[in-house]
Amino acid sequence: MKIKKKKNEISKKTHTLILSDFHLGSKVSRSEKIVELLKSFDFKKLILLGDIFENLNFERLRESDWKLLFLISEISRKKKIIWVEGNHDKGLTKIFTLFPKTKVFKVYRWKFNGKKYLAIHGHQFDNFMIDNFFLSYIANSVYNFIQLIDFPDKRISHFIKRKSKGWLRLSEKVANRAILYAQVQRVDYIFCAHTHRFDQRKKGRTHYYNSGCWTDTPSTYITLDREEVKIGKYV
Ligand SMILES: [Mn+2]
């Protein structure tokens, strides 16, 4: 499959793109939109920050999910792809070392201009999930179901997400623990996912970013160009 670019398509430029939580195989993943986004960017490096797959069941993948996977394999011929494992796709990511120029990590570190960077999915900072795997699985399924039966503008699921204390606590916890981890590891920038809420914080010299997800609107992504980090939204 060839990546074709339309003549008039405006190409945005960035060095690194960070995306996470596609949950391919679940009914709410927005693979068509991810394809659109990847095609609209001119980038050098792609970091897939975990939970790209919902689970190991490939039978659930739709045509559009396969299209996205073909696109990623096509990208991997020319550009560096970093695949960071999430809790949903643990182990599965190893298969993708078969793609050219693709590497799999649990924790990915790099340096730029004397600054240190680290990317980790973030479930490592979520002991609720680890202790109550079954509970959070149920909560997640219920939320996905509500999203499916929701109005087109997703007003019910967005309301739940805004009001849910659990969600808020999770975002807080992951952010705080990630910042602490970054300080201990002496890195300047830490990138996480897992909470499905995009986020941006700074504590002292430490910068924390969360790339959000692609199972909800707006879906979010991070661009990293020189030392400039931005969170982009995609409706
Ligand atoms: Mn996760």
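In listed order, ligands and their atoms are each counted from 1. What you see below is based on every heavy atom in this structure, not just the backbone, and it leaves out hydrogens, waters and symmetry mates. Keep in mind the model is a prediction, meaning the values are calculated, not measured.
Using a cut-off of 2.8 Å, one finds that Asp126 contributes no N/O/S atom close to the Mn ion (ligand 1). Within the 2.8 Å limit, His121 places at least one N, O or S atom next to the Mn ion (ligand 1).
If you put the vertex on the Mn ion (ligand 1), OD2 of Asp51 and ND1 of His194 sit 170° apart, to the nearest 10°.
For CZ of Arg62, the number of neighbouring non-hydrogen atoms (other residues, nucleotides, ligands) closer than 6.0 Å is greater than 12. Shown here is Lys116, whose NZ atom has no more than 12 heavy atoms of other residues, nucleotides or ligands within 6.0 Å.
Using a distance-only test at 3.5 Å, with no hydrogens or angles considered, no donor-acceptor pair links the side chain of Lys79 to the main chain of Leu46.
Taking the ring axis of Tyr208 as reference, the NZ or CZ atom of Lys203 does not stay both within 45° of it and closer than 6.0 Å to the ring centre.
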